[in-house]
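Values in this document were obtained by computation on a predicted structure and should not be read as measured data. So you know, we letter chains A, B, ... as the sequences are listed, proteins then strands, and number each from 1.
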2 protein chains.
Amino acid sequence: MADETSKRTLPATSWAVLGLLSFGEELSGYDLKKWSDRSLRFFYWSPSFSQIYSELKRLEKAGYTSSRMVAQETGTRDKRVYRITDAGMTAVREWAREAPVDPPVLKHGPMLRLWLGHLLEPEQMREVLGRHQEFAEQMRLHAVADAQSAQDEPAWAYPTLTLKWAERYYASERDLAAAMLDDIEALARARAERPADETLN
Amino acid sequence: MADETSKRTLPATSWAVLGLLSFGEELSGYDLKKWSDRSLRFFYWSPSFSQIYSELKRLEKAGYTSSRMVAQETGTRDKRVYRITDAGMTAVREWAREAPVDPPVLKHGPMLRLWLGHLLEPEQMREVLGRHQEFAEQMRLHAVADAQSAQDEPAWAYPTLTLKWAERYYASERDLAAAMLDDIEALARARAERPADETLN
DNA sequence: TGTTGCATGTAAAGAGTTACATGATTAC
DNA sequence: GTAATCATGTAACTCTTTACATGCAACA
C-alpha cells in the first residue's frame, strides 16, 4: 500500500537496501551500511551513509519498512531501527522474481589507464597492474573472511554463495592482471626487435 | 590555456573521450560514440550520445579539443568534427601518468538477484545464471571481433591488449556462472537430504 | 587531549540517463 | 511507405557523492 505507483520505479539501490532487510533483522542505517560493506560491496558497490538514510526514508514512505526509535542503555545517541513490513517482503520478492535483470556494469579504472598505454612508460603500466593485483587479492581475502563469518547460518546460504563467487571473481582479476603483464612484456620485446613502428610514444 | 582550474576536476568520462581522440583521428560525436562502443564499453561502459556531446563541449571550453564543421558531399546534415589540441595531448598524458587510478567499480545485476536467493525458486536462479552465461559469451565474441579488426595497427597495440584482457574477462565471467550453477545444485541436494532448515523460502 | 567508533541527517553539486525534437538519406 | 542510419542537441530528471553539522563514549 501507500503509493502504489512508486513500486516499479524504485532504483536497484532501493531494492538492495530492502533486500538487506529481507533477511529479517531489525537494523539501523548505520548497521545497514556495515552489512552492505560486507556483502553488496563485493559485487554491487556499497552506497554511502547519506544514500542509505535517504533510501530508508523512501522505503518507509512506500510502506515497505517500518521504524522505531531505540534508547541506548550505554548512553550513546538514540537510534532508529528499521524492519521490513509484509508489504515490503511481498514487493521485494516480486521484484526479485519478475523485474528484468540489469546487465553487469563495469567501470575498470586500471584498464582505462592501460588502454591509453601509448601515453605511458612501460614502468607505469607495470605499476598500475601491480597495484591492481594487490587490490584484487585484498578483496579476495575480505570475501573469504566475510564468507567464513556467515557460514553455517542457513538464512545466509545464498549470500554465502555470492561471496564464494566473489572470491573466485577476485582471484580471476588477480590472474588476469598477471596475464596482461606478460602480454605487455611480449609487446615490449617485439618492439625492441623491430623499433620502426614508433609512431606514437 | 583556457580554464586552468578545471584540469584536475575533469571526471573520468571526459578523460575517456579525450583519450579516444588521443589516437590522432578527427572524429564527430557520432563517431566517438561508435568507437566508444567498440572499445571502452568492454571495460568502462559507454557514455550516451548526449553525454558525449556535452563532454566535447566541456573539452573544447578547456582548450583540449578544437572543432570544425564539415559539409557532407552526400547531402546528409553537416557534421562537426573534433581533433585533440597540443594542450589536450599534454593534459591527457599528464592525467594518464599522474592521476590516481580509480578502483574498479562493479554493479553486477545478476549477482544482486542471486544474493536474494531465499526469495527465488531454484529454477529462477538457473535462468538468471543461464542468461548471464549467454551475455558473457556474447561480450567475449564481440571483444574478439573488435580486437581482430584493430590488429596489426601499431597505434592500436594497447587498445588491442585491453580487448584481449576483455576476452579473458568475459570467458571468466561465463565460467564463474557455470561454477555457481554447480554450487546451487550442491546446495539444493544438501537441503533435500536435510529439509529441517526451511526457515525462509 | 585527541582519535576512533557510534549515530543521523541536510545541502549542494555533479554525473549520467531518458525522452524529446529535428531532419536528411538509403535500403527494403 | 517505412525502417534504419547518420547526425546534433536540449530539458528534465534521477542517482549518488562530498562536505558539513552535531554530539556522546571509549580508549590511549
May I ask you to evaluate whether [X] reaches the phosphate of [N], defined as a side-chain N or O under 4.0 Å from OP1 or OP2?
| X | N | answer |
| --- | --- | --- |
| A:Y30 | C:dC6 | yes |
| B:T13 | C:dA15 | no |
| A:K33 | C:dG9 | no |
| B:Q51 | C:dT17 | yes |
| A:W45 | D:dT16 | no |
| B:R58 | C:dG16 | no |
| A:Y53 | C:dG9 | no |

What is the distance, to the nearest angstrom, from the [atom1] atom on [X] to the [atom2] atom on [N]?
| X | N | atom1 | atom2 | value |
| --- | --- | --- | --- | --- |
| B:F49 | D:dT5 | CZ | C1' | 10 Å |
| B:D102 | D:dT18 | CG | P | 11 Å |
| B:E55 | C:dG14 | CD | C1' | 11 Å |
| B:R68 | D:dA7 | CZ | C1' | 16 Å |
| A:W35 | C:dA7 | CH2 | P | 14 Å |
| A:L10 | D:dC13 | CG | C1' | 16 Å |
| B:M69 | D:dT8 | CE | P | 7 Å |
| A:D78 | D:dT22 | CG | P | 19 Å |

- Task: Report yes if the side chains of B:T13 and B:W45 come closer than 4.5 Å at any heavy-atom pair, otherwise no.
- Result: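 In short, these two side chains touch, coming nearer than 4.5 Å.
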Among [options], which nucleotide sits nearest the side chain of [X]?
| X | options | answer |
| --- | --- | --- |
| A:S48 | C:dT8, D:dT17, D:dG9 | D:dT17 |
| A:K79 | D:dT8, C:dT8, C:dA15 | C:dT8 |
| B:K57 | C:dA15, D:dT10, C:dA7 | D:dT10 |

Inspect the contact between [Y] and [X] and indicate whether a charged nitrogen and a carboxylate oxygen are less than 4.0 angstrom apart.
| X | Y | value |
| --- | --- | --- |
| A:E127 | A:R131 | yes |
| A:R168 | B:D183 | yes |
| B:R58 | B:E55 | yes |
| A:E60 | A:K57 | no |
| A:E167 | A:K164 | no |

- Message: For a quick check of understanding: with a heavy-atom distance under 4.0 Å over all strands, which category does B:S50 fall into, base, sugar-phosphate or nothing?
- Response: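 Result for B:S50 = base.
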- Query: At how many degrees, to 10°, do the end axes of the helix from C:dT1-D:dA28 to C:dC28-D:dG1 meet when each uses five pairs?
  - Reply: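 Answer rounded to 10°: the end axes differ by 30°.
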- Looking at the rings of B:W35 and A:W115, which for Trp means the six-membered one, are their centres under 6.0 Å apart?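 Ring centres of A:W115 and B:W35 not closer than 6.0 Å.
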- Out of A:E137, A:H142, A:Q138, which one pairs with A:R140 under the side-chain hydrogen bond (donor to acceptor under 3.5 Å, both in side chains) rule?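 Only one of A:E137, A:H142, A:Q138 forms a side-chain hydrogen bond (donor to acceptor under 3.5 Å, both in side chains) with A:R140, namely A:E137.
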- Message: For B:K34 and A:S14, find the nucleotide of DNA chain D closest to each by heavy atoms; which residue's nucleotide sits nearer the 5' end?
- Response: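 Taking each residue's closest nucleotide, the earlier one in sequence belongs to B:K34.
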